[in-house]
Participant: 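The structure's right below; bear with me while I get my questions together.
Throughout, protein chains are lettered first and strands after them, A, B, ... in sequence-line order, and every chain is numbered starting at 1.
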Amino acid sequence: MNGTIEQLRRRAQGPNPPVAWTDEKLLLSYRSQPESRVFEELVHRYEKELYGYLRHYLGDAEMAEDVFQQTFLQVHLKCDQFEPGRKVRPWLYTIATNQAIDYQRRNRRHRLASLDRAMRNSGEQKSGAWIELFSHSADGPTEDAESAEQHEALRRAVESLPRVCRQVVTLVYFQGLKYREAAEILSIPVGTVKSRLHTALRRLTESLSHASAMK
Amino acid sequence: MIDPMHSQLLGHLLGALDDDEQEWVEGQLEHDNRYRRYGLRWRQRLAVIDAIRPEFEPPRGLAERTCQLVAAWSRIAWPKRRTSQRWKMTPEAFFPSRAAHVAWGDVAAVALIAMVAFAMIVPAIYGSRFQARLIACQNNMRQFGSAMLDYGDRHGNAPSQLMANGGLTPAGVLAAGAIEEVVATNGNRALCPDAWLAAQGINPSDIHRVPTVQDTSVTSLPLCPKSEGIVESNNRWPGTWRNGTRDDRREESLLTALPLMADVPSARLPGQNIAAHDGLGSNVFFADGQIRFLRYAALADGVDLILSGDLQ
């Protein structure tokens, strides 16, 4: 089904579609001649990857969606600043990371409640959104609850990391970026990325192992 | 201190190394059992996280909504500047977030209004602060003056004369004791600054310094030229004193505008650098209890007429 939709989308784009272009060519083309189909192709390519990164980083679906949109708005506004010869992926991740940091700062004291946000009670925590409770799942309720609990444990463990370690583990471990790319995004040396990742993963594994041993 | 090879091993497991680094690590693993064991331990550790690592799917329609947002933004905001266009010096260039309908006339009008408002507000604030300080001094002087009058009524003597000391001339320097002598003999004089008198070749000690109040000119006075704020009167202290003791002879007197005390000498005189009341004048306490603020007058040689000074 998704493949058919993808074919239809490509056909609708006409001959010489931007689907076959590299990320760099897409962005440079958009910079010189803004076209909606070029921008749409770029957004679709990074939709899942960038959303997943922001979801891991922020820990909240609604915040991740807001920051995702802000990121691409910044891409539109600042595509003039993209230099030929650079890679789009680190540049995009840099914008997304900065937007996420700004968003967290702005919303630190203003936490709105809505049905789409996770419900946090004093005694228990539920992962995911309320709306997800109504979605169909192939697993049984026990498996779902256990999975949700494990996700929540991982989310707590990641949130307990220092911010600098959290950034590195999200980029390298969760998103699969290379050391060099993460270093470029965070503007730190590669050696710093390696040491922070090593520390972060060691803490995560210890924390999760300890949590599972306590049960 | 982390063994560099350990972080490379971790990068190898995560696929975070560059291609050449990846090949080098694989070569090391073939020869070194220690690193192979270390890599195995890390693999087991990461398996704990991998087992519970969530995969997040983006919400349905996220990409479309994002494109619509950017398209809407492009329609209402300043159009994205193309690199081929020359940069124009327009208000929009300085305020790009605003809608593109700001003219230089609008900016000039706002600046003009701001300047006019500032010009109106600042003098008003200055004037009100000046008045506030003035009234505070007058309140203090009223208490000094009342005490002086009360002392005179009780003891029949004027309070002790306060000696002036150049720039530290305190309030109340024109004590009644200084006035008694001149009131008893002469009651119609103007106070002239020592410097001016000295310039005329007149010994200040020969002049009767009796500050009096009158709003008319003093052209009849031989000593000081006409100026505003010069005080003179024909009034005398009720009763008279000679040499610090009260005389039994009472002369008819009008207890009105006989100045008894001033609070600030002219700031323009050499050695006088008191900046109270911004050097514009002095509060004068009169025998009837009133206090008036008299502005200093600039004389021909630029020296103000002072109302208090050395009593030599």
Participant: Kindly write out the residues that satisfy side-chain hydrogen bond (donor to acceptor under 3.5 Å, both in side chains) with B:E57, not counting sequence neighbours, or none if the list is empty.
Facilitator: A:K48

Participant: So that I can tick it off, tell me whether A:E65 and B:R65 are bridged by a salt bridge, with the cut-off set at under 4.0 angstrom between side-chain N and carboxylate O.
Facilitator: yes

Participant: Quick check on A:F174 against chain B: is it the side chain, the backbone, both or neither that has a heavy atom closer than 4.5 Å?
Facilitator: both

Participant: Is A:E41 salt-bridged to A:R37, cutoff N-O under 4.0 Å?
Facilitator: no

Participant: If you check every heavy atom in residues 177-192 of chain A against those of chain B, which residues fall under 4.5 Å?
Facilitator: A:L177, A:K178, A:Y179, A:R180

Participant: What pairs with B:D50 under side-chain hydrogen bond (donor to acceptor under 3.5 Å, both in side chains), at least two apart in sequence or on another chain?
Facilitator: A:Y173

Participant: Can you tell me which residue among A:T71, A:T97, A:T170 is in a side chain to side chain donor-acceptor pair (under 3.5 Å) with A:Y53?
Facilitator: A:T97

Participant: Under 4.5 Å, counting heavy-atom pairs only, tell me which of B:L17, B:I49, B:L14, B:L46 racks up the most with chain A.
Facilitator: B:I49

Participant: Using non-hydrogen atoms only, which part of B:L13 is less than 4.5 Å away from chain A: side chain, backbone, both, or neither?
Facilitator: neither

Participant: Got a sec, which residues hit side-chain hydrogen bond (donor to acceptor under 3.5 Å, both in side chains) with A:Q175, two or more places apart in sequence or on another chain?
Facilitator: A:Y93

Participant: Can you confirm if the aromatic rings of B:W42 and A:H198 lie within a centre distance of less than 6.0 Å?
Facilitator: yes

